[in-house]
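Numbered from 1 within each chain, the chains take letters A, B, ... in sequence-line order.
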Amino acid sequence: MLDINRIRSNPEHVKEALLKRMEHVDFTELLQWDIERRQLIQSTDEKKAKRNKVSGDIPRLKKEGIDISDLLSEMKALSDEIKENDEALREVDAKIHQFLSSLPNIPAEDVVAGGKENNQVLRTWGEKPSFGFSIKNHVDLATDLKLVDYERGAKIGGNGFWVYTGMGSILEWALLNYFVEQHLKDGYQFLLPPHILTYQCGYTAGQFPKFTEDVYKVETGEANENMQFILPTAETALINYHRNEIMKEEDLPKKYFAYTPCYRKEAGSYRSEERGMIRGHQFNKVEMFHYTTPEQSETAFEELVVKAEKLVQGLGLYHRVSKLAAKDCSASMGKTFDIEVWIPSMNDFKEVSSASNAYDYQARRGNIRFKGANGKSKFVHTLNASGLATSRIMPAILEQYQQADGSVVVPEVLRKWVGKEILR
RNA sequence: GGAGAGAUGGUCGAGUUGGUUUAAGGCACCGGUCUUGAAAACCGGCGUGGGUUUUGCCCACCCUGGGUUCGAAUCCCAGUCUCUCCGCCA
């Protein structure tokens, strides 16, 4: 949600910024509604002031025995006018709210316009693995080593689901243990939130009302305001943890992380090269989340990116960091860096973490504030980053660590949980 | 799933036969007086959002959303959440 005051006082500036990610931006109607709204408030408030005053006088007049029947009918008429005004105000408020809540966040100054093609690779870490033999893809490796059962996954869950088995389950769980261990070491608070969330959570995160079709809805199937859905990422839960709260400035920044599976419909997004675990309907992810003051948010962003990178580096995986162009950032975010890991069989990098700064966009939607030293409350900034999603780390490990005989070396940091150096 | 109780400003808590309580009072917190300093005592301040002709005035908010009324924290309807007891249950 953008600040209407910001649009009112500088519409051209906001428009220019939004055009980096939108085709058309037109505030003409919005600004007209805004004027209407304030006129309505003024006239209604005047009427209400009069009503309050007369209502206060009535008991006294009654006591003095004065006939007030004319006054009462006059007040009845005034009361009706107030009702009409309130109704009109509700309508224009709704229009304004609908308009504002459908606008995406304003991209940061240094974020370039356009889509994916304008993404910029900031740095690449490690060396591109080279193999002296013909490599297997992760689906074959996982199947041959009996780490993942794709067939039975599809049998019991449908297309896009899999089952971790044997050492595959252990490796998956080792990854999660590794992530949790690192975040705890950095002093982050560990939350395990509900996996089923209310509509309001999706709204605050900025996923609703636009993307109700991307999530699995529970019970009613209707995308109304009473629906519940299964979370597509723990971010949706974490942003709502402090919804409608006023925090103390000295308690900021607040740093959380959570583990949840993530459930996504991914309708129509199936591509044959994304077989296996690259794009499933359910995957495991540890998510990091910060609540900060506006002054702290840039530092927090750096911290999140570095933390996500370190996790990938700890695993020894060849990867890169990209800065996304405006249209490639999700709607709530003003700036996003992706950490992408190398998948040899695809000859491409795939996202394993997306680190974003939402600035005050989500905080406005969720009414999340802090009280500053001057006693004034302001909206917090919220940031999130995966740390990490396993569903692309596992393929990267299998493929990057594979050997000529079809076995896979276990990354050093995972061995204390896996209990083996080589999977064969 | 059944029965009952409850939800008031940071916190406790009054008000629930509708109208000088259009939210008292205590505590906490902030400032001041007093004091060598502190405590105590006393004095003052102390919610959020919005509008505006902006050191002022006005409006809204007593869980949420409707309704009755000249007037609603108070009455009516619907819903949410919390607590207690019972039942069921991984």
Side-chain angles (χ1 to χ4, degrees), chain A residues 1-9 30-101 192-204 208 218-220 222 224-229 237 240-252 254 261 360 363-380:
Chain A
M1 180 83 79
L2 301 183
D3 183 1
I4 181 101
N5 292 307
R6 189 165 168 190
I7 297 175
R8 186 192 302 139
S9 60
L30 176 72
L31 292 171
Q32 188 54 44
W33 292 333
D34 182 49
I35 291 169
E36 261 177 59
R37 172 177 171 272
R38 283 181 294 156
Q39 284 171 345
L40 274 169
I41 288 173
Q42 276 184 54
S43 78
T44 310
D45 280 1
E46 274 171 33
K47 290 179 203 293
K48 285 180 179 171
K50 183 175 180 192
R51 180 180 67 183
N52 287 344
K53 189 178 173 304
V54 175
S55 295
D57 290 341
I58 284 177
R60 206 186 57 243
L61 296 174
K62 262 187 181 169
K63 210 172 282 176
E64 292 168 9
I66 296 168
D67 176 33
I68 52 168
S69 50
D70 284 354
L71 189 59
L72 287 188
S73 58
E74 193 187 317
M75 284 303 103
K76 171 70 179 158
L78 183 68
S79 199
D80 289 343
E81 285 174 37
I82 290 172
K83 234 170 246 178
E84 279 171 34
N85 268 19
D86 276 341
E87 182 54 38
L89 183 60
R90 245 197 301 272
E91 279 169 23
V92 73
D93 262 339
K95 283 193 279 193
I96 291 171
H97 186 263
Q98 192 182 3
F99 187 96
L100 285 179
S101 63
L192 290 169
H195 298 180
I196 293 178
L197 304 175
T198 61
Y199 179 92
Q200 181 64 42
C201 292
Y203 175 80
T204 300
F208 298 164
V218 182
E219 218 162 3
T220 64
E222 287 297 314
N224 63 38
E225 303 206 340
N226 295 319
M227 82 181 223
Q228 287 175 301
F229 63 100
N240 284 279
Y241 189 61
H242 287 297
R243 171 154 49 89
N244 279 326
E245 290 184 20
I246 300 176
M247 297 183 250
K248 292 185 195 149
E249 183 166 12
E250 62 261 34
D251 291 340
L252 298 176
K254 280 182 182 288
D360 65 358
R364 281 180 188 281
R365 293 172 86 96
N367 193 28
I368 308 165
R369 294 169 292 170
F370 72 97
K371 190 158 281 199
N374 59 3
K376 278 276 168 198
S377 41
K378 288 162 74 174
F379 290 106
V380 299

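Taking atom C1' on both nucleotides, B:rG6 is separated from B:rG79 by 16 Å, rounded to a whole Å. Rounded to whole Å, the C1' atom of B:rC83 lies 27 Å from the corresponding atom of B:rA24. Between B:rU54 and B:rG15, the distance separating the two P atoms is 43 Å to the nearest Å.
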Distances under 3.5 Å between nitrogen or oxygen atoms of protein and nucleotides 58-65 of chain B:
| residue | atom | partner | partner atom | Å |
| --- | --- | --- | --- | --- |
| B:rC59 | OP1 | A:N52 | ND2 | 3.1 |
| B:rC59 | O2' | A:D45 | OD1 | 2.9 |
| B:rA60 | OP2 | A:N52 | ND2 | 3.3 |

Got a list of protein N/O to nucleotides 18-21 of chain B N/O distances below 3.5 Å?
| residue | atom | partner | partner atom | Å |
| --- | --- | --- | --- | --- |
| B:rG19 | O6 | A:K62 | NZ | 2.8 |
| B:rG19 | N2 | A:S55 | O | 3.1 |

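A:K248 comes within contact range of no nucleotide atom at all, as no heavy-atom separation falls under 4.0 Å.
Summarising the base pairing, B:rC61 is matched to B:rG47 through a Watson-Crick or G-U wobble pair whose two defining distances lie under 3.5 Å. Using Watson-Crick or G-U wobble geometry with both donor-acceptor distances under 3.5 Å, B:rA39 finds no partner in any strand shown. Across all strands shown, nothing is found opposite B:rC88 as a Watson-Crick or G-U wobble partner with both distances under 3.5 Å.
Atom CG in A:D80 sits about 12 Å away from atom P in B:rG67, given to the nearest Å.
At B:rU69, none of the side-chain N or O atoms of A:S79 fall inside 4.0 Å of OP1 or OP2 (strictly under the cut-off). The side chain of A:K371 contributes an N or O atom lying less than 4.0 Å from OP1 or OP2 of B:rU48.
Judged by distance alone, with hydrogens and angles left aside, the side-chain atoms of A:R51 form no donor-acceptor pair with the main-chain N or O of A:M75 at under 3.5 Å.
Among the candidates A:N240, A:N367, A:N244, the single residue satisfying the side-chain hydrogen bond (donor to acceptor under 3.5 Å, both in side chains) test with A:T204 is A:N240.
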